[in-house]
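Order of the sequence lines sets the chain letters (A, B, ...), proteins ahead of strands, with each chain counted from 1.
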Protein chains: 2
Amino acid sequence: MSSLDETDVRILERLAENAREPFARIGEAVDLSGPAVSDRVQRLQEAGIIRQFTVDVDRGQLRAGVPVLVELTVEPGALDETVDRLRGAEAVEHVFETADGTVLAHARLERGKVREWIESTADADVLRGYDVRLVERVEWSPSVGGTEFALTCVECGNTVTNEGETERIDGTIYHFCCPSCHSRFRERYETFEEGAT
Amino acid sequence: MSSLDETDVRILERLAENAREPFARIGEAVDLSGPAVSDRVQRLQEAGIIRQFTVDVDRGQLRAGVPVLVELTVEPGALDETVDRLRGAEAVEHVFETADGTVLAHARLERGKVREWIESTADADVLRGYDVRLVERVEWSPSVGGTEFALTCVECGNTVTNEGETERIDGTIYHFCCPSCHSRFRERYETFEEGAT
DNA sequence: CCTGAAAAATTACGTGA
DNA sequence: TCACGTAATTTTTCAGG
């Protein structure tokens, strides 16, 4: 288990561009057989690197409101809650949480009902202010592109190599660079769990 | 050609959630045969509503820089050029152009090299200023969700019904509500083309 | 990870509402 | 025009090495 090699990245790039390309053809491009590509894709899914197969829908052609960027300033403690609520809201396409504590949502809203939407979506008690901007155009590059690619250990932050380990806990996948990080994380997690009960 | 019905939207929703669900099973859910679903998906692709089949990659697990939101203020005339350049840049995942003339890019950059990146990516001559914010978290909802769904005529903005027409010009698909909008758009487009030569 | 066979899914095509 | 069945083709999955 673990550590992406260059072949994995190339497979991801091709799938990002066309998720329906047959594994055999991807295989030709990366010098692998079809089944071998299939195996890798499955591993990438299990490792949580491929979250899902999906379609990119051109919402510009479907009018369900006006595309806007809403910037919300909320109480510091309510960031997670706000992001979760926004993510669940129907008209929202993306949510960004920045390090300075603001949340940006890219959504399609009915003209003139923006304020109403914000008040019903974000908790009024924690909302300090907001700013809305019309979006003229959106471009999305599903490309994987980049130079460095490596998994990072959730315990120590180091790169995960072939000696690494992976575990799924409560539906989330965690990567570790070594058994000791793995067990340390696990201990902390279990303590945390007990505390929560 | 033209106009999405409720079945199309349900198909889109399912594909957005899992683009690998067999057409036959989607068909069961929407009361259609497998081939019928296949036909509709093909039409949705030809109409440009499905832009592409892709995978949602968890980039949080791949470290290739720090995720940031860069807000660029550029000369009004250079907006398109800036968006295009950003879209082409490797590390960029999203680009938003807002109505007030700023451009936001969501990218993964190397720490400490942000200024350098901006200067090499955006044309320095048109750049008036920028602002960078660290991104803590990103959520993407590929769901189609929404209430109103209809194609809009690129010429007059009205809803495109069954009488509508569709044409692919230079790789882009345009929808029209009626033949007269179609020919009017086409005239304007041709005039524009001549001017460009 | 490969090859080769079985299983499954997709597409093509003729027909009918 | 749209959808259905059936058949042909492609793609994926599963063995064994």
Original post:
Is A:S38 touching bases, backbone alone, or none of the nucleic acid, heavy atoms closer than 4.0 Å?
Top reply: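 Sugar-phosphate: the residue A:S38, judged by heavy atoms under 4.0 Å, touches backbone atoms but no base.
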Rounded interatomic separation in angstrom, taking [atom1] from [X] and [atom2] from [N]:
| X | N | atom1 | atom2 | answer |
| --- | --- | --- | --- | --- |
| B:I26 | C:dA8 | CD1 | P | 18 Å |
| B:R43 | D:dC2 | CZ | C1' | 7 Å |
| A:E28 | D:dT10 | CD | C1' | 14 Å |
| A:F23 | C:dT3 | CZ | P | 18 Å |
| B:L32 | D:dC4 | CG | P | 5 Å |
| B:D8 | D:dT1 | CG | P | 16 Å |
| A:N18 | D:dT11 | CG | P | 11 Å |
| A:F53 | D:dT12 | CZ | C1' | 12 Å |

Original post:
Of all heavy-atom pairs between B:R85 and B:S120, which one has the smallest distance, and what is that distance?
Top reply: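 Here B:R85 and B:S120 meet closest at NH2-O, 4.0 Å.
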Subject >> Non-hydrogen atoms of B:I50 and B:L15 that approach each other most closely >> reply: CD1-CD1, 4.2 Å
Original post:
Counting only N and O atoms by type, is there a donor-acceptor contact under 3.5 Å from the side chain of B:R14 to the main-chain atoms of B:R25?
Top reply: no
Original post:
Under 3.5 Å, side chain of B:R133 to main-chain N/O of B:L69, donor-acceptor pair present?
Top reply: no
Go through [options] for me and flag the one nearest to the [X] side chain.
| X | options | result |
| --- | --- | --- |
| A:A36 | C:dT11, C:dC2, D:dC4 | C:dC2 |
| B:R40 | D:dC2, D:dT11, C:dT10 | D:dC2 |
| B:P35 | C:dA12, C:dC1, C:dT10 | C:dA12 |

Original post:
On DNA chain D, nearest-nucleotide positions of A:Q42 versus A:P22: which is more 5'?
Top reply: A:P22
Subject >> A:R20 vs A:D31, nearer the 5' end of DNA chain C by closest nucleotide >> reply: A:D31
**OP:** Can you label the angle between the A:H94 ring and the B:F96 ring as parallel, tilted or perpendicular, going by 30° and 60°?
**Re:** perpendicular
